[in-house]
Number of protein chains: 2
Amino acid sequence: MAENRNKDITSRDVDFALWYTDVITKADLVDYTNVKGSMIIRPYGYAIWENIVSILDKKIKATGHVNVQMPMFIPESLFNIEKDHVKGFAPEVAWVTHGGSEKLDERMLVRPTSEVLFCEHYKKIIKSYRDLPILYNQWCTIVRWEKTTRPFLRTREILWQEGHTMHATSEEARTETQKMLKVYENLQKNYMAIPTLVGRKTDKEKFAGAEETYACENVMYDGVALQNGTSHYFGNGFAKAFDIKYLDKENNLVTPYQTSWGLSTRTIGAIIMVHGDDFGLVLPPKIAPIKVILIPINNDDKVLTETNKLKALLDQNDISNTIDNSDKTPGFKFANAEVKGYPIRIEIGPRDLDNNEVTLVRRDTLEKATVKLDLLISKVKQLLEDIQSNLYNEALKRRDKMIYQVSTYEEMKAASKNKGLIYTSWCGDATCENKIKEELGLSSRCIPLDDIPSGKCVYCGKEAKHHIYFGKQY
Amino acid sequence: MAENRNKDITSRDVDFALWYTDVITKADLVDYTNVKGSMIIRPYGYAIWENIVSILDKKIKATGHVNVQMPMFIPESLFNIEKDHVKGFAPEVAWVTHGGSEKLDERMLVRPTSEVLFCEHYKKIIKSYRDLPILYNQWCTIVRWEKTTRPFLRTREILWQEGHTMHATSEEARTETQKMLKVYENLQKNYMAIPTLVGRKTDKEKFAGAEETYACENVMYDGVALQNGTSHYFGNGFAKAFDIKYLDKENNLVTPYQTSWGLSTRTIGAIIMVHGDDFGLVLPPKIAPIKVILIPINNDDKVLTETNKLKALLDQNDISNTIDNSDKTPGFKFANAEVKGYPIRIEIGPRDLDNNEVTLVRRDTLEKATVKLDLLISKVKQLLEDIQSNLYNEALKRRDKMIYQVSTYEEMKAASKNKGLIYTSWCGDATCENKIKEELGLSSRCIPLDDIPSGKCVYCGKEAKHHIYFGKQY
């Protein structure tokens with residue numbers, strides 16, 4: 001492998017948390033601020049989010065949803081309507097108590113999620129079966145008053161989308177829950193090159209107020225699980241609490257069924273921690289705001305002219321690119337290109353040009369190749385595809401090596417010393433789940449969707465009701 | 001003119017405020033909510049905003065800007081750094097005092113605008129002339145604790161973009177201020193079909209902390225002015241307050257110059273109040289989320305088949321469209337199409353089809369025409385262009401009729417009884433400006449950009465320094 005020019009990035013095998021901080025700051029993704037718990041998403045980081053929004057928004061619309069915008073504030077009395085929901089979120093909300101110099105009659109919280117706001121609106125607009133299904137989505141910022149800050153992973157402010165839908169029947173609502181879970185899985189697999197475990201959360205881990213929560217679980221390079229995208233089936237609990245009813249075809253007043261689903265800027269954290277290496281960020285081509293960086297290795301007229309020609313050619317072919325024409329050395333520019341994780345770097349030098357060639361370096365493997373100028377575009381296109389699929393395949397291999405299947409608690413204890421997840425059988429009892437958490441520091445991640453239970457519970461030895469993944473979590 | 005089917009819309013000549021409320025609710029643009037001061041932007045209203053964002057974001061990027069995301073909260077001490085700014089905004093901010101159950105050490109406000117957050121960041125990232133200019137933009141929600149609510153015009157939460165830029169010289173910053181003002185003017189003229197007065201605000205009316213504020217002033221159907229898009233030149237006031245300095249080419253530490261500029265969801269209010277009529281909303285084709293509505297006038301197989309064929313044809317030609325296949329009567333559907341302001345309605349009926357024709361109704365004039373099926377697409381395209389330019393021309397004529405040029409205070413008093421703006425001369429003294437406000441209820445709107453002063457001040461009779469527009473404002 002090539003020599004690492006970015007000596008000031010901590011090795012991810014030495015200290016993964018420090019490596020993460022080094023990469024997100026040196027790649028100019030974020031900046032810290034004096035606003036406790038918040039971060040600044042810098043232009044390069046925000047451009048990644050804009051790409052994700054653009055891809056996911058199309059998928060959300062293609063599945064029949066429309067975007068809306070609800071208020072940012074929730075009056076305390078509205079928030080208090082659904083009891084489980086309040087219990088789950090109350091400890092971590094921001095309270096607005098004053099407007100200008102006046103104390104508010106009723107304090108308001110900044111939305112940590114918007115179920116109650118959607119329900120209040122649905123009560124007004126749902127009258128008849130003709131009004132169903134309602135398939136709404138919202139792009140917005142939410143606030144959860146976290147004690148610790150890890151940019152993209154755990155911040156007080158989170159950029160996300162939250163889908164909220166209402167259906168005539170529970171079957172329809174369940175289908176919707178699964179459909180949107182698949183949309184997230186597809187986004188992660190086919191665009192972010194991230195293999196995903198999709199499954200159901202246990203009652204202990206489900207969303208406050210939901211009947212069932214489904215999640216995408218990604219496994220980071222350090223073996224820690226990251227929940228990335230959740231989809232909830234609410235039954236009609238919220239609808240009953242908010243007294244939402246519609247007239248069905250037989251003219252009966254009945255209660256509709258509800259879902260919600262969300263994916264946030266946390267997903268950028270997953271991209272960084274699945275693909276990044278000791279040289280810096282590695283971006284999958286389909287997510288990268290800039291796919292190719294052009295580096296002229298000196299200031300010769302011929303080199304600069306050819307660089308500009310290549311830029312025009314890439315532009316014509318809709319391949320996003322940029323030229324590094326700073327006054328730095330080539331070595332500095334190569335290092336910067338590596339930190340930023342641009343999928344392909346093209347080095348344009350006088351000797352290569354004499355042979356009608358340039359040098360291509362792919363960021364995933366750092367392999368170099370010279371290519372004839374007239375073949376450049378087809379080579380770049382092919383390489384972008386190769387990088388995309390190679391990143392997925394490598395991530396899948398790494399992840400699968402970090403999943404340990406165990407059937408006894410002794411095996412589980414031993415496996416828990418490794419990085420990664422543990423796949424085992426469970427009786428379904430929260431007591432066993434809690435004991436495992438207490439004794440091994442592992443939380444349940446998810447129950448596979450296509451689960452056929454077998455064997456005995458890894459903790460109590462009773463008949464198992466589920467297979468399940470356990471692991472450490474972000 | 002056609003008969004108005006939407007009997008439940010108040011006539012705009014009878015009560016413009018009621019007309020506005022009727023249109024925004026009956027066209028399904030917004031819904032009211034129990035969250036005081038806030039509104040829900042419903043799918044149809046939000047789709048208009050999405051179109052505006054998409055157009056304006058491209059223009060902002062084409063002028064070299066990049067998007068970022070700053071925190072939503074501002075600690076009180078950070079907010080207090082620039083004194084004029086605090087004075088201007090303090091009475092109308094929302095204060096967060098508690099996180100979960102804990103009182104915060106320092107209370108935070110929800111951003112009413114983000115100058116101080118950008119300045120804090122700029123202090124960290126601006127070191128050298130090489131770092132300039134910095135051309136940042138942010139799409140976000142801001143909060144201003146208004147006492148009254150008028151959807152789109154005056155709400156506590158506002159969706160907007162705010163550009164914040166830093167420049168090496170004051171000339172560059174001034175050029176930027178004008179450039180972005182022109183971007184807003186162009187957006188309004190060429191997309192929203194709204195004629196715009198662009199000019200400079202007086203010191204009394206400028207943005208808190210700015211040296212100069214420029215604005216686009218639109219004149220509504222009722223003659224009231226709406227400030228729609230502002231662009232500020234800050235000089236280096238904020239930069240000095242935040243101690244932002246850079247090393248210039250001669251190695252001197254100097255202070256950079258700053259601008260900011262913003263346009264909000266208020267612009268949707270302008271579209272409604274400039275173009276709407278007693279039948280409902282009228283949307284300029286370039287802003288309309290749905291350009292054509294297809295209405296089958298019965299359920300005959302032939303009619304439905306042809307309707308679907310026409311939909312496919314419009315889709316192929318990238319003309320956004322929808323079919324109204326509800327079980328309502330044609331009359332009801334026509335009324336709904338009028339309320340929603342779709343630029344073109346196509347009525348598909350059996351008799352027309354026998355002649356290979358359909359009926360087209362343009363929303364701006366409500367004129368009907370039959371058109372042969374094989375000419376439909378070219379006719380629709382031409383009509384969309386006609387509607388776009390006709391709306392602008394009509395709005396321009398209406399507005400120009402509502403501008404009264406006066407040179408004496410007697411004339412001004414008389415003209416102030418009319419709907420519209422007054423164009424006159426002014427000495428530049430705030431005393432006269434305040435007296436006019438006090439006595440006639442008119443505020444200064446703007447000083448034209450290309451002003452050549454002439455005549456005497458309309459109030460005090462001294463030598464005039466400016467021409468200026470006065471008017472009632474939203």
Side-chain angles (χ1 to χ4, degrees), chain A residues 31-47 49-50 57 66-75 77-78 90-102 104-108 110 117 120-121 124-125 130 136 138 140-141 143 145 147 156-157 159 265 326-327, chain B residues 31-47 49-50 57 66-75 77-78 90-102 104-108 110 117 120-121 124-125 130 136 138 140-141 143 145 147 156-157 159 265 326-327:
Chain A
D31 192 18
Y32 291 90
T33 136
N34 290 334
V35 186
K36 254 185 235 162
S38 298
M39 64 169 170
I40 293 167
I41 309 183
R42 301 190 66 184
Y44 191 50
Y46 198 74
W49 182 238
E50 287 183 304
D57 191 61
V66 287
N67 288 335
V68 297
Q69 196 67 215
M70 292 283 157
M72 171 200 294
F73 300 115
I74 305 175
S77 56
L78 181 63
E92 53 174 58
V93 299
W95 288 105
V96 174
T97 57
H98 291 73
S101 56
E102 282 173 34
L104 304 184
D105 292 339
E106 180 182 12
R107 61 180 187 163
M108 295 185 177
V110 185
L117 292 160
E120 196 204 18
H121 182 51
K124 287 173 72 174
I125 66 169
R130 287 188 192 85
Y136 284 180
Q138 167 168 273
C140 66
T141 305
V143 170
W145 214 254
K147 300 277 179 198
R156 286 187 177 167
E157 293 171 51
L159 274 62
T265 33
S326 65
D327 53 8
Chain B
D31 192 18
Y32 291 89
T33 138
N34 290 335
V35 185
K36 252 185 234 160
S38 299
M39 61 170 173
I40 292 166
I41 308 183
R42 301 190 66 184
Y44 191 50
Y46 198 75
W49 181 238
E50 287 183 304
D57 191 63
V66 288
N67 288 335
V68 297
Q69 196 66 213
M70 293 283 156
M72 170 200 294
F73 300 116
I74 305 176
S77 56
L78 181 63
E92 51 175 59
V93 299
W95 289 104
V96 174
T97 56
H98 290 73
S101 56
E102 282 173 34
L104 304 185
D105 293 338
E106 180 183 11
R107 62 180 187 163
M108 293 185 179
V110 185
L117 293 159
E120 197 204 16
H121 183 50
K124 286 173 73 174
I125 65 169
R130 286 188 192 85
Y136 284 0
Q138 167 169 274
C140 66
T141 304
V143 171
W145 213 254
K147 300 277 179 196
R156 287 189 176 167
E157 292 171 52
L159 275 60
T265 34
S326 65
D327 54 9

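Bear in mind the structure is a predicted one, so any value in this text is a computation, not a measurement. Protein chains get the first letters and strands the later ones, always in sequence-line order, with residue 1 at the start of each.
- For B:V66, the part lying near chain A is the side chain, with the backbone staying farther off; criterion is any non-hydrogen pair under 4.5 Å.
- Of the listed residues B:N67, B:V110, B:L104, B:I125, the one with more heavy-atom pairs under 4.5 angstrom with chain A than any other is B:N67.
- Side-chain contact between A:I41 and B:V68 is absent, with no heavy atoms from C-beta onward closer than 4.5 Å.
- The most heavy-atom pairs under 4.5 Å with chain B, out of A:H98, A:R130, A:K36, come from A:H98.
- Of the atoms belonging to A:E106, not a single heavy atom falls under 4.5 Å from chain B.
- With chain A as partner, the option from B:L78, B:I74, B:L117, B:D327 having the largest number of non-hydrogen pairs under 4.5 angstrom is B:D327.
- Of the atoms belonging to B:Q138, not a single heavy atom falls under 4.5 Å from chain A.
- Using a 4.5 Å heavy-atom threshold, the side chains of B:M72 and B:C140 count as separate.
- Both the backbone and the side chain of A:P71 have a heavy atom closer than 4.5 Å to some heavy atom of chain B.
- Checking side-chain atoms of A:E92 against main-chain N and O of B:G100 turns up no donor-acceptor pair under 3.5 Å.
- For the residue pair A:T141 and A:E157, no side-chain donor N or O sits within less than 3.5 Å of a side-chain acceptor on the partner.
- Proximity to chain A (any heavy atom under 4.5 Å) is restricted, for B:M39, to the backbone atoms N, CA, C and O.
- The closest side-chain heavy-atom distance from B:H121 to A:T33 is not below 4.5 Å.
- Here B:Y46 is the residue among B:Y46, B:Y136, B:Y32, B:W49 with the most heavy-atom pairs under 4.5 Å with chain A.
- Contacts of B:W95 with chain A are made by both backbone and side-chain atoms, with heavy-atom separations under 4.5 Å.
- Proximity to chain B is limited to the side chain of A:K124, based on heavy atoms less than 4.5 angstrom apart.
- Heavy atoms of B:A94 lying under 4.5 Å from chain A belong to its backbone as well as its side chain.
- Interface residue B:N34: backbone and side-chain heavy atoms are both found under 4.5 Å from chain A.
- Among the candidates B:M108, B:E50, B:R107, the residue making the largest number of heavy-atom pairs closer than 4.5 Å to chain A is B:E50.
- Two residues are said to be in side-chain contact when any heavy atoms from C-beta on lie closer than 4.5 Å; A:F73 and B:V143 meet this criterion.
- Per-residue heavy-atom pair counts under 4.5 Å with chain A were compared for B:S38, B:P75, B:G99, and the maximum is reached by B:G99.
- When heavy atoms are compared at a cutoff of 4.5 Å, A:Y44 does not approach chain B at all.
- Of the atoms belonging to A:D31, it is side-chain heavy atoms, and not backbone ones, that fall under 4.5 Å from chain B.
- Annotation: maximal heavy-atom pairing with chain A below 4.5 Å, among B:R156, B:E120, B:E102, occurs at B:E120.
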